[in-house]
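Quick notes on the structure that follows.
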Amino acid sequence: MTTHLPSYEGVLDAARQIDGVAVRTPLIESPALNAVVGGRVLMKAENLQRAGAFKFRGAYNRISRLSAEEKARGVVAFSSGNHAQGVAAAAALVGTPAIIVMPSDSPQVKIEGVIGFGGEVRLYDRWTESREAIGAAIAAERGCVLVPPFDDPFIIEGQGTTALEMLDQADAPMDQLLCGASGGGLMAGINLVMAERSPQTRVLVVEPEAYDDTARSLAAGERVGHPAGPPSICDALMSPMPGVLTWPINRRLAGAVTVSDAEVAEAVRFAFRHLKLVVEPGGAVSLAALLTGKVSGAGLTTGLILSGGNVDPGLYAEIIEGRFGA
């Protein structure tokens with residue numbers, strides 16, 4: 001497959017590639033949330049995407065471009081869950097086998113999701129084993145095509161279609177746009193689009209407190225990681241460092257904020273009670289940043305991404321019943 005740098009033109013091409021396959025998710029506005037924030041909030045509901053997260057966009061954009069010979073060999077990916085399900089779903093659609101390397105502490109609902117799409121799961125210990133090394137070994141042994149979670153131009157461009165749709169759906173310019181980040185694939189795709197189509201919009205990243213590698217990288221002016229920290233309920237946002245391809249794009253970010261697990265849990269509860277949406281913790285960090293006032297939305301039009309809805313049922317019950325952290 002031809003290697004290229006991610007671009008806005010590539011995002012436009014990705015939009016054509018996934019058209020009619022990926023869900024054009026709604027842009028939702030809630031009077032209750034607007035009242036709390038003191039401004040307009042436009043939420044892109046990627047929790048309603050195929051496989052329950054935005055990850056399907058990039059996975060399908062990548063996998064649907066495989067040659068017949070590559071499809072026969074299959075694909076391998078590593079992920080805590082959402083990329084895993086996106087790859088498994090995309091692979092099933094194009095008729096290629098998928099092996100997914102997942103942390104043993106991944107939410108069971110995400111593991112079951114991969115299996116439900118026909119994927120083969122290989123579990124590993126995220127604290128003592130390298131998912132990259134395991135994925136590379138499987139690719140070498142079986143001849144599979146590696147589909148990385150964020151450091152691939154087709155993945156980044158596929159995720160960028162989220163922002164294209166937001167701009168088409170919004171009835172007013174966005175003053176700011178908030179998005180969570182792990183390796184930064186979605187963030188990079190968004191930045192490619194906003195730099196071209198809406199450069200006046202401030203694009204901000206939101207991360208879990210102990211997994212603030214993008215914030216640290218912005219402060220340092222170079223790609224850096226974060227110290228080892230405790231697990232977060234935001235399992236989808238626990239990457240150790242921004243991607244090699246994503247970081248140069250995401251340097252244009254206007255700022256970064258962090259949120260605690262308790263603040264994220266409150267945002268998940270708010271989404272359930274007031275928005276009537278199931279949003280996983282990693283998908284609710286942007287909402288948490290607004291609800292806590294860490295990013296002010298007063299008098300502004302704010303766009304944010306509800307990036308996924310694949311949450312462990314037991315954890316979800318604890319959160320919405322107010323038992324989390326009690």
* Keeping to residues at least two apart or across chains, list the side chain to side chain donor-acceptor pair (under 3.5 Å) pairs with something in residues 267-281. => N82-E280, K110-E280, E266-R269
* To do: For E157 and H4, run side chain to side chain donor-acceptor pair (under 3.5 Å): C-alpha distance rounded to whole Å, both residues' side-chain angles, the deciding distance at 0.1 Å, then the answer.
  => CA-CA 11 Å; E157 290 161 350; H4 66 282; 3.1 Å; yes
* **Pair S198, Q200: side-chain N/O donor-acceptor within cut-off below 3.5 Å** => yes
* To do: Would you name the heavy atoms of L178 and A289 that are closest together and state the gap between them?
  => CD1-CB, 4.5 Å
* Asked: Can you pull the ring pair (Phe, Tyr, Trp, His ring centres under 6.0 Å) pairs that have at least one residue in residues 84-110, sequence neighbours excluded?
  -> none
* Structure fact -> Hits for side chain to side chain donor-acceptor pair (under 3.5 Å) against E141, two or more places apart or cross-chain, chain-then-number order -> none
* Asked: Under the side chain to side chain donor-acceptor pair (under 3.5 Å) test, which residues partner R252, sequence neighbours left out?
  -> N191
Would you mind writing out the side-chain donor-acceptor pairs for residues 113-124 within the sub-3.5 Å range, not counting sequence neighbours?
| residue | atom | partner | partner atom | Å |
| --- | --- | --- | --- | --- |
| E120 | OE1 | R142 | NH1 | 3.3 |
| E120 | OE2 | R142 | NH2 | 3.3 |

* Asked: Where do I305 and L186 come nearest, in terms of heavy atoms and distance?
  -> CG2-CD2, 4.1 Å
* Do any pairs count as a side chain to side chain donor-acceptor pair (under 3.5 Å) and have a residue in residues 19-30, sequence neighbours left out, and if so which ones? -> T25-K44, T25-E46, E29-N34, E29-R40
* To do: Sequence neighbours left out, what pairs pass ring pair (Phe, Tyr, Trp, His ring centres under 6.0 Å) with at least one residue falling in residues 200-244?
  => Y211-H226
* Asked: With clusters built from Ile, Leu, Val, Met, Phe, Trp and Tyr whose side-chain heavy atoms come within less than 4.5 Å, directly or transitively, what are the remaining members of the cluster of V23, listed by chain and number?
  -> none
* Excluding sequence neighbours, so at least two apart, what forms side chain to side chain donor-acceptor pair (under 3.5 Å) with D261? -> S232
* Asked: Can you list the residues that meet the ring-ring contact (aromatic ring centres under 6.0 Å, His included) rule with F78, with sequence neighbours excluded?
  -> none
* Strictly by modelled atom types, are S217 and R223 linked by a side-chain donor-acceptor pair under 3.5 Å? -> no
* Pair listing, salt bridge (Lys or Arg N to Asp or Glu O under 4.0 Å) test, anchored in residues 284-303, at least two apart -> E263-K294
Cut-off 3.5 Å, no hydrogens considered: what does the side-chain donor-acceptor table look like for residues 87-99, sequence neighbours left out?
| residue | atom | partner | partner atom | Å |
| --- | --- | --- | --- | --- |
| T96 | OG1 | K71 | O | 2.6 |

